[in-house]
Amino acid sequence: MSPTRTLEPDVSQRLLDAAERLFYARGVQAVGIDAVVAEAGVATKTLYAHFGSKDGLVEAYLRRRDQRWLNWLRGAVAAAEPGPARVLAVFDALGEWFGEPAYNGCAFINVAGELAASPAARATARDHKLALRALLNEVAAGAGVADPAVLAERLMLLVEGAIVTAHVEGDADAALRGRSAAEALLEHDRLTGATAPPRVDAATA
């Protein structure tokens, strides 16, 4: 390939789309480069030109999924009324996701488990979880509770537990139970009389 040749963005997206379908459904280790290029309808050398290696493709797949998944969840939260309703909206969104026929758990947990010896894969998974925790901190801060940081950590455990339960046990109702637990946390805070007025962020209201 000439050093001045421009890579085709549509080919890159086709490869990422193919990789996401296969990696998410079957696992990273079970899917070889040949399967990805066949699914995308491109030559093997094209994949290497765009991503350098299978590891590069896996990382790009995860980075794109991270952005898409978090944007989806942010959109679901923003569609709810500001305040405690946005806490519950997190679990409503999870319930819709769990009910999808293609649901196969958290891609980041899956890859971190498959590629336990890969620092890059684990770092990508960790970055995703840190971004999810930051989003839950925003949601908790807007709920008017006495200690948003504590609520956010508890929500993180509820979200992660629901995702794993729905995947391992095939139980889409895990989102409903997570929602019920979140409601109980909000109600306990309300009954203690330690609530503060909900913070309304003009940028997300």
Side-chain angles (χ1 to χ4, degrees), residues 20 24 59-100 103-113 120-169 171-205:
E20 181 157 10
Y24 185 65
E59 184 173 0
Y61 145 64
L62 290 174
R63 294 293 181 190
R64 189 181 72 159
R65 187 172 179 90
D66 169 66
Q67 293 179 352
R68 287 181 168 185
W69 194 90
L70 289 171
N71 286 340
W72 161 75
L73 187 57
R74 287 190 186 98
V77 168
E81 290 293 323
R86 292 190 172 176
V87 172
L88 304 181
V90 170
F91 296 93
D92 292 337
L94 292 180
E96 293 179 11
W97 182 35
F98 297 167
E100 294 177 359
Y103 176 72
N104 196 31
C106 172
F108 304 90
I109 294 175
N110 296 347
V111 171
R122 294 187 69 83
T124 304
R126 183 172 59 251
D127 288 347
H128 173 74
K129 296 305 179 183
L130 289 173
L132 174 57
R133 180 176 276 105
L135 174 57
L136 294 176
N137 268 289
E138 293 175 14
V139 172
V145 297
D147 195 333
V150 169
L151 176 61
E153 287 302 315
R154 290 172 176 172
L155 291 176
M156 186 71 181
L157 292 175
L158 290 175
V159 167
E160 293 291 273
I163 289 172
V164 172
T165 299
H167 181 207
V168 174
E169 299 182 18
D171 182 6
D173 288 341
L176 292 176
R177 293 195 296 279
R179 189 184 198 278
S180 177
E183 284 181 306
L185 290 173
L186 292 169
E187 180 66 6
H188 173 75
D189 187 87
R190 186 187 68 81
L191 292 175
T192 63
T195 55
R199 180 179 67 83
V200 177
D201 188 338
T204 59

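Numbers here simply count residues along the sequence, with the first being 1. This is a predicted model, so every value here is computed, not measured.
Contact detail for Leu94 and Trp72: the closest heavy-atom pair is N-CH2, 4.3 Å. Of all non-hydrogen atoms in Ala80 and Ala89, the two that sit nearest each other are CB-CB, 3.8 Å. When all heavy atoms of Asn137 and Pro148 are compared, the closest pair comes out as OD1-O, 4.5 Å. Minimum interatomic distance between Leu186 and Ala143 (heavy atoms only, all atoms of both residues): CD2-CB, 4.3 Å. Between Gly178 and Leu158, the shortest heavy-atom contact is O-CD1, 4.0 Å. Considering all non-hydrogen atoms of both residues, Ala107 and Leu62 come closest at O-CD2, 4.3 Å.
Distance check, rounded to the nearest 0.5 Å: CZ of Phe91 to CD of Glu96 gives 14.0 Å. With rounding to the nearest 0.5 angstrom, the CG atom of Asp173 is 12.0 Å from the OG atom of Ser180. Once rounded to the nearest 0.5 Å, the distance linking NE2 of His188 with CG of Leu151 reads 11.5 Å. Between Thr124 atom OG1 and Glu59 atom CD the span is 4.5 Å, to the nearest 0.5 Å. Residue Glu187 holds its CD atom at 10.0 Å from OG1 of Thr192, rounded to the nearest 0.5 Å.
For the pair Val145/Val87, no side-chain contact is recorded, criterion being any heavy-atom separation below 4.5 Å from C-beta on. Between Leu135 and Leu73 there is a side-chain heavy-atom pair separated by less than 4.5 Å. In this structure, the side chains of His167 and Asn110 come closer than 4.5 Å at one or more pairs of heavy atoms. Using a 4.5 Å cut-off on side-chain heavy atoms (C-beta onward), Asp171 and Arg177 make contact. Considering only heavy atoms from C-beta on, Phe98 stays 4.5 Å or farther from Leu176 through its side chain. When side chains are defined from C-beta on, Lys129 counts as touching Cys106, because their heavy atoms get closer than 4.5 Å. For the pair Val164 and Glu169, the minimum side-chain heavy-atom distance is 4.5 Å or more. Val159 has its side chain within reach of Ile163: a pair of non-hydrogen atoms, C-beta onward, lies under 4.5 Å apart.
Of the candidates Arg63, Arg122, Arg65, Arg63 is the only one forming a salt bridge (Lys or Arg N to Asp or Glu O under 4.0 Å) with Asp127.
Counting heavy-atom neighbours within 6.0 Å of Arg74 CZ, excluding the residue itself, gives a total above 12.
Checked by atom type and distance alone, the side chain of Tyr24 pairs as donor or acceptor with a backbone atom of Gly105 at under 3.5 Å.
Ring geometry for Phe108 versus His128: interplanar angle under 30°, hence parallel rather than tilted (30 to 60°).
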Assess whether side chain to side chain contact (heavy atoms under 4.5 Å, CB included) is satisfied between Leu132 and Glu160, documenting all intermediate values. CA-CA 10 Å; Leu132 174 57; Glu160 293 291 273; 3.8 Å; yes
Begin from the C-alpha positions of Val90 and Leu136 and carry the test side chain to side chain contact (heavy atoms under 4.5 Å, CB included) through to its verdict. CA-CA 9 Å; Val90 170; Leu136 294 176; 4.2 Å; yes
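Salt-bridge check for Arg86 with Glu138: failed, with every basic side-chain N at 4.0 Å or more from each acidic carboxylate O.
When only modelled atom types and interatomic distance are considered, Arg68 and Asn71 share no side-chain donor-acceptor pair under 3.5 Å.
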